[in-house]
Amino acid sequence: MLNLTNNQKIWKTIQLIPSGKVATYGQIADLSGLPGRARLVGKALSSAPQELNVPWYRVLRSTGQIAFPVGSEQSKKQTGYLQQENVAVFNNRVKLKNFQWQPDLGELLWKLEF
DNA sequence: CGACTGACGCCGA
DNA sequence: CTCGGCGCCAGTC
């Protein structure tokens with residue numbers, strides 16, 4: 001019930017990913033002050049309330065791969081959302097080199113301040 | 001309490 | 001590129 005602290009940090013961090021850009025699970029974990037705990041990010045997303053409108057589809061694996069199996073409904077939906085923001089998805093993956101979010105740490109400190 | 005399970009990640013073979 | 005193995009950790013059973 002009150003384990004919300006970590007989840008909230010994660011959700012809040014993901015909210016900062018700008019449209020047209022993506023981030024990886026590990027990246028979000030680090031920025032949320034939870035280094036090495038990428039799995040928690042996935043966990044947090046799976047239990048994220050609809051009301052928060054968390055842009056979960058902007059979070060990918062460290063390889064740029066969509067975390068869901070190719071062809072799955074989830075994968076298709078995620079691909080759709082991304083392409084809607086002009087993020088190119090090829091073979092269930094995105095080229096991080098071109099679309100990975102590179103936040104300004106100073107600004108993050110201002111917006112997140114844990 | 002132990003075993004298993006993930007929307008993960010990194011390294012070595 | 002594919003596997004296997006290990007680290008990580010909150011939940012579940």
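Letters go in sequence order (proteins before strands), and every chain restarts at 1.
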**OP:** Just call it for A:Arg93: base, sugar-phosphate, or nothing, with non-hydrogen atoms closer than 4.0 Å on any strand.
**Re:** sugar-phosphate
**OP:** Check every strand shown and say whether A:Ser62 touches a base, only sugar-phosphate, or nothing at a heavy-atom separation below 4.0 Å.
**Re:** sugar-phosphate
Original post:
Which is the 5'-most and which the 3'-most nucleotide of DNA chain B that has an atom under 4.0 Å from a heavy atom of chain A?
Top reply: B:dG6 to B:dC10
Subject >> Residue that, paired with A:Ile10, satisfies side chain to side chain contact (heavy atoms under 4.5 Å, CB included) out of A:Val54, A:Thr5, A:Ile28 >> reply: A:Ile28
For atom [atom1] of [X] and atom [atom2] of [N], their distance in whole Å:
X	N	atom1	atom2	answer
A:Tyr25	C:dC9	OH	C1'	17 Å
A:Leu40	C:dG7	CG	P	17 Å
A:Arg39	C:dA10	CZ	P	12 Å

**OP:** Would you mind telling me which residue lines up with the more 5' stretch of DNA chain C, A:Gly36 or A:Lys43, judged by nearest nucleotide?
**Re:** A:Gly36
Original post:
Just wondering, more than 12 heavy atoms not from A:Lys21 lying within 6.0 Å of its NZ?
Top reply: yes
**OP:** Verify side chain to side chain contact (heavy atoms under 4.5 Å, CB included) between A:Leu112 and A:Thr13, making sure each step is shown before the conclusion.
**Re:** CA-CA 7 Å; A:Leu112 294 175; A:Thr13 302; 3.8 Å; yes
Subject >> Residue pair A:Tyr57, A:Lys77: steps toward the side chain to side chain contact (heavy atoms under 4.5 Å, CB included) verdict >> reply: CA-CA 9 Å; A:Tyr57 54 86; A:Lys77 186 161 65 173; over 6 Å; no
Original post:
Does the pair A:Lys111 and A:Glu107 meet the rule for a salt bridge (charged side-chain N to carboxylate O under 4.0 Å, His left out), with working shown?
Top reply: CA-CA 6 Å; A:Lys111 297 187 176 180; A:Glu107 191 181 335; 3.0 Å; yes
Subject >> side chain to side chain contact (heavy atoms under 4.5 Å, CB included) assessment of A:Tyr25 paired with A:Leu45 >> reply: CA-CA 10 Å; A:Tyr25 291 93; A:Leu45 282 181; 4.1 Å; yes
